[in-house]
Amino acid sequence: MKTRQYLILFLIFFGELLIVLGFLHFSLFTPGRIVTLNIVVTSITFQVYMLNLLWPGYSFRDRPQKIFAGLGIRGYAILLYSIAAIALMISMNGILSQSFSTQLLVHAVLLFLLGLGIIFSLTATDKAAAVYQQQTAEKAPLEDARRLAGSIGEKSQQSSLPPPVKDRLAKIGADLRYISPAGTAEALLLEDQLLGTLHQLDAILSLPAPDEQKVNELIVDFESHYRQRKQVYSY
């Protein structure tokens with residue numbers, strides 16, 4: 001456990017002690033049950049903030065959560081709960097003097113609303129992670145194609161192919177930069193065809209003497225698949 005976590009745990013313990021001692025000292029003429037309820041409500045509000053520091057609920061290593069989706073909802077839920085809980089606790093013990101059962105019911109409702117806010121924040125975070133994973137899956141074939149295109153470009157420069165063919169192979173990498181990810185079945189099919197063609201080109205260019213005719217045929221195949229894929233957008 002890190003020093004920061006030890007410090008937070010110490011502050012939680014010390015803060016809780018201050019809350020209990022403070023209420024016992026300044027509530028000499030308040031009924032015992034009300035004092036206990038006030039201690040519990042204040043403690044919950046304090047613990048929510050302190051535990052949020054100890055376990056913030058996100059990790060910079062978890063890329064889907066870098067958007068911090070849901071943290072705003074959770075933050076607002078905690079803020080509104082703490083303001084409402086403290087304000088109602090003070091008012092129901094003074095200006096709007098209420099019975100113990102009424103106060104207990106009010107604070108139970110506030111806790112229920114806080115729980116709903118936290119659930120909504122977790123749902124938003126999960127949704128953001130799912131969207132991120134879907135976008136990553138859509139980008140994967142194109143990223144693989146671009147890596148292959150880079151390999152093809154390097155190998156073509158070291159091959160014995162004529163300059164015009166090398167230029168056409170180099171253009172493959174440039175063309176792939178203009179394709180946007182799309183999650184449609186048609187896009188996936190065309191991307192598979194692009195990858196298949198690129199794999200064949202990469203294999204041929206790995207040979208000591210690449211077959212120029214076969215290379216040209218595969219370039220034509222790639223250009224055909226590329227033109228079709230470029231017309232497909234996500235919708």
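Just so it is clear, the values below take in all heavy atoms, side chains as well, and ignore hydrogens, waters and symmetry mates. In this chain, residues are counted from 1 in sequence order.
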Between the side chain of [X] and the main-chain N/O of [Y], is any donor-acceptor distance below 3.5 Å?
{"X": "Gln103", "Y": "Gln98", "value": "yes"}
{"X": "Arg229", "Y": "Ser180", "value": "yes"}
{"X": "Lys166", "Y": "Ser159", "value": "yes"}

Do Ser151 and Asp202 have a side chain donor and acceptor closer than 3.5 Å?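 Note: Ser151 and Asp202 side chains meet the donor-acceptor criterion.
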Contact between [X] and [Y] at the side-chain level, heavy atoms closer than 4.5 Å - yes or no?
{"X": "Thr197", "Y": "Tyr226", "value": "no"}
{"X": "Asp144", "Y": "Leu198", "value": "no"}
{"X": "Ile44", "Y": "Val40", "value": "yes"}
{"X": "Gln193", "Y": "Leu189", "value": "yes"}
{"X": "Val165", "Y": "Ser156", "value": "no"}

One pair to check against side chain to side chain contact (heavy atoms under 4.5 Å, CB included): Met89 and His107. What are the steps and the verdict? CA-CA 8 Å; Met89 181 186 70; His107 289 299; 4.1 Å; yes
Heavy-atom pair with the smallest gap, counting every atom of [X] and [Y]:
{"X": "Arg146", "Y": "Leu176", "value": "NH2-O, 3.0 Å"}
{"X": "Ile39", "Y": "Ile19", "value": "O-CG2, 4.3 Å"}
{"X": "Phe46", "Y": "Ile12", "value": "CE2-O, 3.5 Å"}
{"X": "Phe100", "Y": "Arg33", "value": "CE1-O, 3.4 Å"}
{"X": "Ile172", "Y": "Ala149", "value": "CG2-CB, 3.9 Å"}

If the threshold is 4.0 Å, N to carboxylate O, is there a salt bridge linking Glu223 and Lys171?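 No, no charged N to carboxylate O under 4.0 Å.
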Report, as yes or no, whether the 6.0 Å neighbourhood of atom CD1 on Ile95 holds more than 12 heavy atoms from other residues, nucleotides or ligands. no
Shared ILVMFWY cluster between [X] and [Y], side chains joined below 4.5 angstrom?
{"X": "Leu37", "Y": "Ile90", "result": "yes"}
{"X": "Leu207", "Y": "Leu201", "result": "no"}
{"X": "Tyr178", "Y": "Leu194", "result": "yes"}
{"X": "Leu11", "Y": "Leu51", "result": "yes"}
{"X": "Phe13", "Y": "Leu9", "result": "no"}

Could you tell me the separation between the [atom1] atom of [X] and the [atom2] atom of [Y], rounded to the nearest 0.5 Å?
{"X": "Glu16", "Y": "Thr42", "atom1": "CD", "atom2": "OG1", "answer": "9.0 Å"}
{"X": "Lys155", "Y": "Gln157", "atom1": "NZ", "atom2": "CD", "answer": "13.5 Å"}
{"X": "Gln158", "Y": "Leu205", "atom1": "CD", "atom2": "CG", "answer": "10.5 Å"}
{"X": "Ile119", "Y": "Leu114", "atom1": "CD1", "atom2": "CG", "answer": "10.0 Å"}
{"X": "Leu195", "Y": "Leu188", "atom1": "CG", "atom2": "CG", "answer": "10.5 Å"}
{"X": "Met50", "Y": "Ile8", "atom1": "CE", "atom2": "CD1", "answer": "6.0 Å"}

Restricting to side-chain contact (heavy atoms from CB on, under 4.5 Å), what partner residues turn up for Leu113, sequence neighbours left out? Val109, Leu116
Which donor-acceptor pairs under 3.5 Å do the side chains of residues 77-88 make with protein atoms, sequence neighbours left out?
{"unit_1": "Ser82", "atom_1": "OG", "unit_2": "Tyr49", "atom_2": "OH", "d": "2.8"}
{"unit_1": "Ser82", "atom_1": "OG", "unit_2": "Ile78", "atom_2": "O", "d": "3.1"}
{"unit_1": "Ser82", "atom_1": "OG", "unit_2": "Leu79", "atom_2": "O", "d": "2.8"}

Kindly list each side-chain donor-acceptor pair under 3.5 angstrom involving residues 210-220, sequence neighbours excluded, with atom names and distances?
{"unit_1": "Asp211", "atom_1": "OD1", "unit_2": "Gln213", "atom_2": "N", "d": "3.0"}
{"unit_1": "Asp211", "atom_1": "OD1", "unit_2": "Lys214", "atom_2": "N", "d": "3.3"}
{"unit_1": "Asn216", "atom_1": "ND2", "unit_2": "Glu212", "atom_2": "O", "d": "3.2"}

Using the side chain to side chain contact (heavy atoms under 4.5 Å, CB included) rule, take Val41 and Leu110 through it: C-alpha gap first, then chi angles, then the decisive distance, then the call. CA-CA 10 Å; Val41 170; Leu110 290 177; over 6 Å; no
